[in-house]
Amino acid sequence: MPIDILMPALSPTMTEGKLARWLKKEGEAVKAGEALFEIETDKATMEVEAVDDGRLGQILVAAGTEGVAVNARVAVLLGEGESAGSASVAPVVAVNVPAAVAPVAAPAPAAQPLIDDEARFYAQTSRRTVREALRDAMAEEMRRDQGVYVMGEEVAEYQGAYKVTQGLLQEFGAKRVIDTPITEYGFAGLAVGAAFGGLRPIVEFMTFNFSMQAIDHVINSAAKTLYMSGGQMGCPIVFRGPNGAASRVGAQHSQCYASWYAHCPGLKVLAPWSAADAKGLLKAAIRDPNPVVFLEHEIMYGQSFDVPDDPEFVLPIGKAKIERAGKDVTITAFSRMVGYALTAAEKLAAEGIDAEVINLRSLRPLDTATILASLRKTNRLVTVEEGWAYAGIGSEIAALVMEQAFDDLDAPVARVCGADVPLPYAANLEQLALPQPEAIVDAAKSVCYRR
Amino acid sequence: MATTKKLAASSAGAAGKADVSSAELLSYYRDMLLIRRFEEKSGQMYGMGLIGGFCHLYIGQEAVVVGIQSVLQPGDSVITSYRDHGHMIACGMDSKGVMAELTGRRGGYSKGKGGSMHMFSREKSFYGGHGIVGAQVPIGTGLAFAHKYKGDGHISATYFGDGAVNQGQVYESFNMAALWKLPCLYVLENNKYAMGTAQARAAAGELFQRGEAYGIPGVQVNGMDVLAVRAAALEWAEYVRSGQGPAILEMQTYRYRGHSMSDPAKYRSKEEVAKVRAEADPIDNFRKLLLDQGHATEDSLKEIDREIKVIVTEAAEFAQQSPEPDPSELWTDVLVEA
């Protein structure tokens with residue numbers, strides 16, 4: 001059957017173009033792949049190839065014609081034994097215009113595996129630093145699963161730039177505890193490939209500031225590939241390391257990346273505060289089948305907390321913890337700022353304000369339910385983070401309480417954040433740039449109209 | 001010390017006779033022709049508005065992927081960039097599923113959520129389909145790392161172009177692959193143009209020597225000759241598989257069509273393209289070789305042509321008949337449910 005030759009589009013936005021010239025004459029034999037004619041648009045010139053062997057039949061659009069609509073018939077390709085006058089022409093394939101899709105609400109997040117009663121794990125505990133808790137979490141999961149391995153700068157022979165991986169090389173050997181060259185982009189990508197290939201890498205960034213070299217692989221390769229593959233290519237990987245300001249290390253080593261990573265679907269983002277958080281959340285991150293960004297804090301590494309001894313103390317991802325119950329104002333915080341919020345709560349108590357402190361633990365998914373339930377009780381909210389306010393975690397929480405609990409608010413949400421400047425080096429300026437407990441106290445009094 | 005060598009004109013006939021049966025030779029012809037016809041059909045369907053966005057065709061480069069894949073074993077990993085339709089077909093992925101992904105339908109390999117540049121098949125060990133130039137190189141190196149870690153005897157064939165070869169992450173990967181002796185076969189498809197920038201205007205030195213500083217052997221191969229590709233791949237896949245570390249095969253090839261569909265084609269002359277097509281076409285020349293050496297007759301090749309025409313027609317029909325993804329699919333596959 002003769003085949004219609006149609007005016008092609010060179011781009012999804014092209015609607016018409018010029019048929020510049022014919023490269024074959026009527027009646028001339030053509031082979032599949034041979035150029036038939038040439039079209040021009042304001043952007044490009046392209047030769048159009050025959051899709052089948054045959055003979056060029058009648059030319060319907062003359063060379064030089066402008067404004068030829070996309071999908072218009074420009075000629076007919078004849079098969080063996082067919083003449084230009086053959087009656088039937090193969091039906092033109094209709095261009096399928098996608099039907100408009102009505103907006104669909106995002107389904108509620110899937111239920112997370114919950115430890116229904118976290119308190120029961122505290123029957124038997126040991127005193128551990130955050131550093132030791134992180135190391136214990138990795139060691140336990142490496143014993144449990146041979147596919148779990150650690151790679152990063154100085155994680156093996158140096159025993160960790162911040163000693164978080166201390167002892168792992170001795171127990172697990174160089175095959176599973178791997179010193180990398182200083183090539184964040186390369187080793188992050190390599191670890192993503194290893195995860196696609198069936199392993200469960202733990203990638204240590206010496207600080208998350210250096211993960212900027214690798215963020216392409218964290219986002220474009222790790223976070224997006226499951227979706228782009230229609231669910232085939234899971235990427236079970238943990239990117240961990242210290243995040244945020246340490247002490248007097250200047251702007252390039254002191255940024256909080258919580259909102260950067262929490263912005264992206266396809267990632268989970270965790271930020272532990274205590275040693276128990278560190279252990280229970282890191283074990284959850286390693287067992288999770290998804291890419292997890294695990295934001296630690298250098299200043300917390302040496303601080304000690306009670307940590308449950310049970311090796312099945314694995315915290316649920318997506319669940320916050322109420323560290324201090326209160327009825328007058330809700331304070332949300334994560335990582336090091338949880339401690340500051342608790343300090344602020346004590347000061348507020350002395351002034352007769354009973355603050356509830358929520359340790360967010362998980363920034364994506366965010367435990368919206370716990371925040372909203374607390375707000376229903378207190379009707380006032382202060383968010384605390386070390387990073388900048390602009391498009392920050394506090395901004396997100398403020399937006400969602402405005403959307404979902406507007407009537408529960410008795411005062412505007414207050415955000416306590418890092419100053420909107422690159423972090424300065426000078427001791428006094430650094431102190432001024434970072435949130436302090438006093439700022440949290442002031443913000444809480446302000447939303448309670450108690451200034 | 002790494003050996004790097006620049007191959008002169010291929011000795012395809014001899015390479016082919018040594019170890020390859022007529023049936024295998026015909027399968028290379030068939031695979032190359034299927035890719036060519038599939039891509040022509042893709043171009044046609046793009047022109048009809050059935051395929052959206054970016055669409056990068058592999059026409060002209062068919063001998064590279066067919067020659068390399070001919071020496072790989074089931075379970076070896078394959079990864080490439082966004083010019084990926086040919087690699088998927090050569091990996092044995094179904095033309096229907098590939099074409100339906102191009103049209104964004106639920107029958108596509110990524111259920112319509114990936115498109116031309118993002119398709120995958122766990123079953124065929126094809127790991128994409130990546131859109132950031134060069135990013136597939138560390139990922140492919142990581143697949144090799146996983147093979148070595150698991151000790152499964154497989155290798156990773158990591159394809160990239162003459163554009164990607166200037167990306168820093170490629171050298172970060174070379175360094176780690178050489179340092180840790182990872183079983184990674186780097187296939188550098190030099191089609192002479194990184195989008196519209198000619199190799200000489202973007203890349204200093206010879207590309208097959210880019211691994212020399214890391215002790216990675218590199219050879220330049222006539223990528224328009226499937227038997228020359230196969231001969232090099234046989235030697236170096238064996239080297240990589242034996243645990244000696246990575247190798248680089250620079251395939252001298254040529255892309256007939258634009259970088260993507262909307263390519264102004266101002267950066268090279270029509271005469272240049274026509275000359276390559278006339279003198280070095282991998283399919284035409286191989287067809288002639290098959291006939292001259294008596295591996296096939298005009299009739300048997302015509303039969304293959306007909307068979308491929310049916311496959312491509314069916315793929316195109318499937319890609320238009322398969323429904324669009326259900327709107328509920330918008331929200332699935334963001335995370336693996338624990």
Side-chain angles (χ1 to χ4, degrees), chain A residues 6 8-12 32-33 43-46 48-49 51-52 70-71 93 95-96 98-99 101-102 104 106-107 110 113 149 175 180-181 183 185-199 216-217 220-221 225-234 265-266 268 288-290, chain B residues 36-37 40-41 43-44 46-50 52-53 77 108-111 113-114 118-122 127-128 130-132 135 137-143 145-147 149-150 168-169 172-173 175-176 179 258 261-265 309 320 324 327-328 330-338:
Chain A
L6 306 179
L10 298 188
S11 74
K43 270 175 71 182
T45 304
M46 193 179 93
V48 180
E49 296 159 355
V51 296
D52 211 336
V70 165
N71 280 331
V93 182
V95 174
N96 185 306
V101 175
V104 182
Y149 78 95
K175 180 188 169 186
T180 63
T183 52
Y185 197 6
F187 71 69
L190 186 149
V192 169
F196 288 157
L199 305 184
D216 173 47
H217 281 300
N220 275 315
S221 304
T225 303
L226 181 74
Y227 195 84
M228 297 194 302
S229 66
Q232 287 185 73
M233 302 296 297
K268 294 186 178 183
D288 198 276
N290 296 290
Chain B
R36 173 78 51 101
R37 295 288 174 260
E40 287 165 359
K41 181 60 94 176
Q44 182 208 358
Y46 190 95
M48 293 162 70
L50 291 163
S77 301
Y109 267 97
S110 298
K111 303 195 283 195
K113 294 161 149 187
H118 306 299
M119 280 180 254
F120 306 80
S121 170
R122 282 249 177 230
Y127 290 87
H130 295 268
I132 308 296
V137 176
I139 299 175
T141 308
L143 290 163
F145 177 92
H147 288 309
Y149 188 100
K150 292 186 283 190
Q169 60 180 323
E172 300 187 20
S173 303
N175 182 42
M176 289 183 283
L179 196 62
M261 296 302 292
S262 48
D263 180 330
K309 193 194 263 184
Q320 291 166 73
E324 289 187 313
S328 65
L330 179 63
W331 303 104
T332 62
D333 304 322
V334 177
L335 291 169
V336 177
E337 300 303 333

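Everything numeric in this text was worked out from a predicted model, so none of it was measured. Lettering of chains follows the sequences in order, A, B, ..., and the numbering in each one begins at 1.
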Discussion item. Any heavy-atom pair between the side chains of B:Ile132 and A:His217 that's under 4.5 Å?
Written reply: no
Worksheet entry | Proximal component of A:Leu199, with respect to chain B [non-hydrogen, under 4.5 Å] | side chain
Worksheet entry | Contact winner vs chain A - B:Gly108, B:Ser121, B:Gly52, heavy-atom pairs under 4.5 Å | B:Ser121
Worksheet, complete the sentence: Honestly, the part of B:Met176 sitting under 4.5 Å from a heavy atom of chain A is side chain
Fill in: A:Leu226 side, atom CG; B:Lys113 side, atom NZ - distance, nearest 0.5 Å
8.0 Å
Worksheet item: Shortest non-hydrogen contact from B:Pro138 to A:Gly186?
Response: CB-O, 3.6 Å
Fill in: Part of A:Gln232 within contact of chain B (heavy atom distance under 4.5 Å)
both
Practice prompt. Measure across A:Ser229 and B:Ser110 and return the closest heavy-atom pair with its distance rounded to 0.1 Å.
Written response: CA-OG, 3.4 Å
Worksheet entry | Contact winner vs chain A - B:Lys111, B:Met119, B:Arg36, heavy-atom pairs under 4.5 Å | B:Lys111
Practice prompt. Report the residues that fulfil salt bridge (charged side-chain N to carboxylate O under 4.0 Å, His left out) with B:Lys41, sequence neighbours left out, ordered by chain and then residue number.
Written response: none
Discussion item. What's the separation between atom CZ in B:Arg122 and atom CZ in A:Phe196, rounded to the nearest 0.5 Å?
Written reply: 8.0 Å
Discussion item. Can you give me the closest heavy-atom contact between A:Asp216 and B:Ala135, atom names plus distance?
Written reply: OD2-CB, 4.0 Å
Worksheet, complete the sentence: Cut-off 4.5 Å, heavy atoms of chain A, and the answer for B:Thr141 is both
Worksheet item: Do B:Tyr127 and A:Met233 have side-chain heavy atoms sitting under 4.5 Å apart?
Response: yes
Practice prompt. Any chance you could measure B:Asp333, atom CG, to A:Thr225, atom OG1, to the nearest 0.5 Å?
Written response: 12.0 Å
Practice prompt. Mark yes or no for whether B:Lys150, through its side chain, and A:Gly197, through its backbone, hold a donor-acceptor pair below 3.5 Å.
Written response: yes
Worksheet item: How far apart are the closest heavy atoms of B:Ile139 and A:Ser221, and which atoms are they?
Response: CD1-OG, 3.5 Å
Worksheet entry | B:Arg37, part contacting chain A, at a heavy-atom distance under 4.5 Å | side chain
Worksheet entry | Top contributor to chain A contacts, counting heavy-atom pairs under 4.5 Å, from B:Tyr46, B:Tyr109, B:Phe120 | B:Phe120
Item to complete: Sort B:Asn175 into side chain, backbone, both or neither according to what part of it lies under 4.5 angstrom from a heavy atom of chain A.
Response: side chain
Response to the item:
For B:Tyr149, the side-chain hydrogen bond (donor to acceptor under 3.5 Å, both in side chains) test, sequence neighbours excluded, returns A:Arg176
